[in-house]
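Here's the structure we're looking at; comments come further down.
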Amino acid sequence: MKLVLHGDLRRFGEALEVEAKTPKEALEKLGIPLEEAWLLAVGGRMVEPHEEVEGPLEVYPPIAGGGILEVLP
């Protein structure tokens with residue numbers, strides 16, 4: 001699965017490849033705690049941590065200051 005990390009998730013904007021079926025599994029293999037991934041999306045659609053998906057998976061951290069993120073189709 002291809003992952004793209006956004007925000008302050010250690011490797012801003014970096015695209016990574018990892019063998020995984022779910023977002024949770026992919027993040028664990030990269031050593032990123034699930035709590036640091038506020039939004040997980042594939043193709044503009046939010047996905048659950050345990051949902052089996054094919055990438056690319058977009059991973060976003062929490063918004064600083066508690067703002068609201070609008071996901072557009």
Side-chain angles (χ1 to χ4, degrees):
M1 170 186 311
K2 180 178 176 183
L3 285 85
V4 179
L5 305 179
H6 296 279
D8 57 0
L9 284 169
R10 299 185 195 128
R11 293 167 278 227
F12 174 68
E14 187 173 335
L16 306 165
E17 288 280 340
V18 65
E19 286 272 335
K21 292 185 179 184
T22 67
K24 182 179 186 293
E25 181 183 5
L27 292 172
E28 285 174 352
K29 287 185 176 187
L30 293 173
I32 299 172
L34 188 57
E35 300 81 45
E36 289 184 24
W38 180 72
L39 176 75
L40 304 168
V42 173
R45 177 181 71 85
M46 290 176 57
V47 295
E48 296 294 324
H50 300 295
E51 186 176 339
E52 285 196 22
V53 296
E54 292 183 23
L57 174 68
E58 302 275 337
V59 183
Y60 296 88
I63 295 174
I68 296 173
L69 176 67
E70 183 178 352
V71 179
L72 301 174

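This is a predicted model, so every value here is computed, not measured.
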Within a strict 4.5 Å, meaning less than it, do heavy atoms of the Leu40 and Glu58 side chains meet? no
From CA spacing to verdict: side-chain contact (heavy atoms from CB on, under 4.5 Å), Lys29, Glu19: CA-CA 8 Å; Lys29 287 185 176 187; Glu19 286 272 335; 4.1 Å; yes
Audit row: Leu5, Ile32, side-chain contact (heavy atoms from CB on, under 4.5 Å) steps and yes/no: CA-CA 10 Å; Leu5 305 179; Ile32 299 172; 3.9 Å; yes
Closest contact, heavy atoms only, Ala41 versus Val47: N-CG2, 4.1 Å
Verify the neighbour count for atom CD of Glu51: are there more than 12 heavy atoms of other residues, nucleotides or ligands below 6.0 Å? yes
Would you call Lys2 and Glu54 a salt bridge, taking side-chain N to carboxylate O under 4.0 Å as the test? no
Would you mind telling me which of Leu57, Val42, Leu3, Val59 makes a side-chain contact (heavy atoms from CB on, under 4.5 Å) with Pro23? Leu57
Salt bridge check, Glu25 against Lys21: does any charged N sit closer than 4.0 Å to a carboxylate O? no
